[in-house]
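See below for the structure under consideration.
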Amino acid sequence: FILLVILDAQNSLKGFGILMSYGFSSTNEVARMIYKATPMMLSGLAIAFSFKLGLFNIGITGQVTIGAFVSIVLGLVKCPWYVCLLAGMVSGAIIGFLPGLLKAKFNVNEVLSGIMLNWIVYYAIGLIGTYLPSSMKQMTTPSELRNIPAAARMPSMGLDKILPEVSVGIIISLVIIVVFQILLNHTTFGFELKLTGSNRFAAKYAGMNQTKNIVLALTISGALAGIAGYM
């Protein structure tokens, strides 16, 4: 609002009203808002989860990208949607595991390793993409893969009749958020994560396995980002 006032004080209130209400202005806009929000919820959770351990998962870009790429490739070879989702999750987890291992074993800063892995993933996908069969690529632009087929997309389960474009992904995202809320606040593992993030020395004194917690936190974070990539 302050920015709008600076740019155009006369229309700032009107502009702010549109900004806050446009997403609710019609059924289609509500549907599009939910459609756009679904992967953002998971990528946001991926970053927040690693934050609980005092880690910054800046490698989420690579994890989302690899999750999307692997999911699309499997979808193009006619794998069902749940296989594509699991493949995206596993591929994101693997890319998340690497900076976690480097941090836990060699104290390599996860920001640096995450940034470098983003570029490694980016160029590796480009390299792999050149060797994919032409049947997977658009004829007009060979560097672009074909659209993922309907069988590999998340089913709507009737949600699209109420809100166009919305799929079961929103339900999956909300379930994951609830599960992680319980995991962080009502389990020993969640307590260990938060304690390690807030006071690493106290956690070590209490006998908690920090190496395992660091690797697990970034691996789980990567898995969430991989699911977001598929979505």
Side-chain angles (χ1 to χ4, degrees), residues 1-69 71-72 81 84-85 88-89 92 96 111 114-115 118 122 144-145 147-148 150 152-186 190 194 197-198 217 220-231:
F1 178 68
I2 292 168
L3 183 61
L4 289 173
V5 170
I6 294 168
L7 292 172
D8 187 353
Q10 187 176 353
N11 295 308
S12 58
L13 276 173
K14 181 182 176 183
F16 189 71
I18 292 171
L19 182 67
M20 298 302 292
S21 63
Y22 187 76
F24 303 97
S25 60
S26 69
T27 303
N28 284 343
E29 290 304 327
V30 171
R32 181 159 290 275
M33 182 172 63
I34 294 171
Y35 172 75
K36 296 280 188 182
T38 301
M40 290 182 185
M41 290 161 65
L42 288 178
S43 55
L45 180 61
I47 293 172
F49 187 77
S50 60
F51 267 150
K52 287 293 183 182
L53 199 61
L55 300 170
F56 184 28
N57 183 13
I58 205 167
I60 190 172
T61 305
Q63 294 150 18
V64 167
T65 304
I66 194 72
F69 177 72
S71 301
I72 292 170
W81 71 272
C84 296
L85 185 146
M89 181 182 73
V111 173
I115 291 170
N118 285 342
Y122 177 80
E144 184 181 353
L145 294 178
N147 291 335
I148 193 166
R153 299 177 190 178
M154 281 181 295
S156 62
M157 292 187 176
L159 291 173
D160 60 333
K161 293 178 182 177
I162 306 168
L163 297 168
E165 297 186 76
V166 174
S167 72
V168 73
I170 185 64
I171 297 173
I172 293 172
S173 297
L174 291 171
V175 168
I176 289 172
I177 288 169
V178 171
V179 168
F180 272 72
Q181 184 74 5
I182 295 168
L183 179 70
L184 284 170
N185 295 313
H186 301 285
K194 290 191 286 186
S198 60
I220 293 170
S221 181
L224 291 170
I227 297 173
Y230 167 64
M231 290 189 176

| What closest approach, in Å, do Ser173 and Thr38 show between heavy atoms, and which atom pair accounts for it? | OG-CG2, 3.3 Å

| said: Quick one: does any side-chain atom of Ser71 pair with a main-chain N or O of Cys84 as donor and acceptor, under 3.5 Å? | reply: yes

| query | Is the CG atom of Leu7 crowded by more than 12 outside heavy atoms at less than 6.0 Å? | reply | yes

| said: Met41 vs Leu174, test: side chain to side chain contact (heavy atoms under 4.5 Å, CB included). Steps then yes/no. | reply: CA-CA 8 Å; Met41 290 161 65; Leu174 291 171; 3.5 Å; yes

| Closest approach of Ala46 and Ser221, non-hydrogen atoms and distance? | O-OG, 2.5 Å

| field | Heavy-atom closest contact (Gln63 atom, Gly222 atom, distance) | value | OE1-CA, 3.3 Å

| task | Please name all residues satisfying side chain to side chain donor-acceptor pair (under 3.5 Å) with Gln181, sequence neighbours left out, ordered by chain then number. | result | none

| field | Short side-chain to backbone donor-acceptor contact, Asn57 and Ile47, under 3.5 Å | value | no

| field | For Phe49, all residues meeting ring-ring contact (aromatic ring centres under 6.0 Å, His included), sequence neighbours excluded | value | Phe180

| message | Using every non-hydrogen atom in the two residues, find where Gly229 and Ala68 come nearest and quote the distance to one decimal. | response | O-CB, 3.4 Å

| message | Holding to side chain to side chain donor-acceptor pair (under 3.5 Å), I want the full list of residues that pass it with Ser156, two or more places apart in sequence or in another chain. | response | Asp160

| Leu159: what forms a side chain to side chain contact (heavy atoms under 4.5 Å, CB included) with it, not counting sequence neighbours? | Val166, Ile170, Ile171

| Residue pair Met154 / Gly169: nearest heavy atoms and the distance that separates them | SD-CA, 3.5 Å

| Worked check of side chain to side chain contact (heavy atoms under 4.5 Å, CB included) between Tyr35 and Leu163 | CA-CA 9 Å; Tyr35 172 75; Leu163 297 168; over 6 Å; no

| request: Would you indicate whether the side-chain heavy atoms of Asn147 and Arg153 approach each other to under 4.5 Å? | output: yes

| query | Between Ile34, Asn28, Thr27, which is the residue that forms a side chain to side chain contact (heavy atoms under 4.5 Å, CB included) with Val30? | reply | Ile34

If you look only at distance, which donor and acceptor atoms sit under 3.5 Å apart when one is on a side chain in residues 11-21 and the other is two or more places apart or in another chain?
residue: Asn11; atom: ND2; partner: Asp8; partner atom: OD2; Å: 3.0
residue: Ser12; atom: OG; partner: Ala9; partner atom: O; Å: 2.9
residue: Ser21; atom: OG; partner: Gly17; partner atom: O; Å: 2.6

| Gap between atom CG of Leu42 and atom CD1 of Ile172 - 0.5 Å precision | 9.0 Å

| task | To the nearest 0.5 Å, tell me how far Leu224 CG sits from Ile177 CD1. | result | 9.5 Å

| Flag side-chain contact, heavy atom, 4.5 Å: Met89 against Tyr230 | no

| note | By salt bridge (Lys or Arg N to Asp or Glu O under 4.0 Å), Glu165 pairs with (sequence neighbours left out) Arg32

| said: With a 6.0 Å cut-off (strictly less than), is the heavy-atom count around CZ of Phe1, excluding the residue itself, greater than 12? | reply: yes

